[in-house]
Amino acid sequence: MICPHCHQAFKTHAIEMTRGRGLAVEFQCPKCQAWLGKSAWLQRGKLLGFYGAVAMAIVAYTQPHLFGMALVAGMFCVITLMVSHLMDQLQIREKPAESK
């Protein structure tokens with residue numbers, strides 16, 4: 001993982017400090033002490049896109065008369081998945097305190 005604040009690489013097992021729960025979890029960079037996190041809305045979009053695409057594939061397979069509708073809905077779900085995945089990057093939530 002690369003910190004967007006100090007641009008140094010660190011391993012995920014080096015993370016010691018976390019706060020928040022679920023999709024809104026934040027963690028502290030072990031190198032520069034900046035708090036980092038991802039957007040909870042974009043992570044929800046990824047989950048919605050993935051499970052929507054899987055559900056539409058099942059509907060298209062089990063209900064042949066709904067194939068066209070399921071195909072279009074599945075494509076929109078995959079597009080949602082891809083766009084939210086491309087936009088979901090680590091963000092700086094709180095910069096470290098400046099030492100003088």
Side-chain angles (χ1 to χ4, degrees):
M1 204 178 282
I2 297 177
C3 176
H5 183 260
C6 65
H7 305 290
Q8 294 184 14
F10 61 91
K11 297 188 184 282
T12 55
H13 68 273
I15 297 171
E16 296 175 359
M17 300 290 293
T18 61
R19 63 183 181 193
R21 296 179 2 176
L23 298 177
V25 70
E26 297 176 357
F27 57 90
Q28 196 171 27
C29 173
K31 308 269 183 170
C32 70
Q33 309 308 317
W35 285 95
L36 310 171
K38 289 188 172 188
S39 170
W41 285 103
L42 289 173
Q43 290 183 344
R44 286 185 189 109
K46 280 199 282 190
L47 288 172
L48 178 70
F50 176 76
Y51 287 115
V54 169
M56 290 301 106
I58 292 170
V59 167
Y61 183 74
T62 59
Q63 306 291 326
H65 63 282
L66 296 176
F67 181 79
M69 182 273 310
L71 184 65
V72 172
M75 282 192 258
F76 280 118
C77 289
V78 169
I79 290 169
T80 301
L81 171 67
M82 296 297 182
V83 168
S84 59
H85 179 69
L86 290 174
M87 292 176 59
D88 194 20
Q89 303 295 322
L90 275 179
Q91 301 169 353
I92 302 169
R93 298 292 186 193
E94 184 179 320
K95 292 184 179 181
E98 301 259 344
S99 59
K100 294 182 180 183

Between [atom1] of [X] and [atom2] of [Y], what distance do you get to the nearest 0.5 Å?
X: Arg44; Y: Ser84; atom1: CZ; atom2: OG; result: 12.5 Å
X: Phe10; Y: Cys32; atom1: CZ; atom2: SG; result: 8.0 Å
X: Arg19; Y: Arg93; atom1: CZ; atom2: CZ; result: 9.5 Å

Side-chain donor-acceptor pairs under 3.5 Å in residues 57-82, sequence neighbours left out?
residue	atom	partner	partner atom	Å
Thr62	OG1	Ile58	O	2.9
Thr80	OG1	Phe76	O	2.9

Within 6.0 Å of NE2 in His5, more than 12 heavy atoms from elsewhere: yes
Do you know the tightest heavy-atom contact between [X] and [Y]?
X: Lys31; Y: Gln8; result: CD-OE1, 3.3 Å
X: Cys3; Y: Leu36; result: SG-CD1, 4.0 Å
X: Lys95; Y: Ile92; result: CG-CG2, 4.0 Å
X: Lys38; Y: Gln89; result: CG-O, 4.0 Å
X: Leu23; Y: Gln43; result: O-OE1, 3.0 Å
X: Ile2; Y: Leu90; result: O-CD1, 3.9 Å

Enumerate the residue pairs fulfilling salt bridge (Lys or Arg N to Asp or Glu O under 4.0 Å) with a member in residues 74-89, sequence neighbours excluded, ordered by first and then second residue. Lys46-Asp88
Examine distances only and state if a side-chain atom of Gln91 and a backbone atom of Gly37 form a donor-acceptor pair shorter than 3.5 Å. no
Output the rest of the hydrophobic cluster of Met17: all Ile, Leu, Val, Met, Phe, Trp and Tyr residues reachable through side-chain heavy-atom contacts under 4.5 Å, sorted by chain and number. Trp35
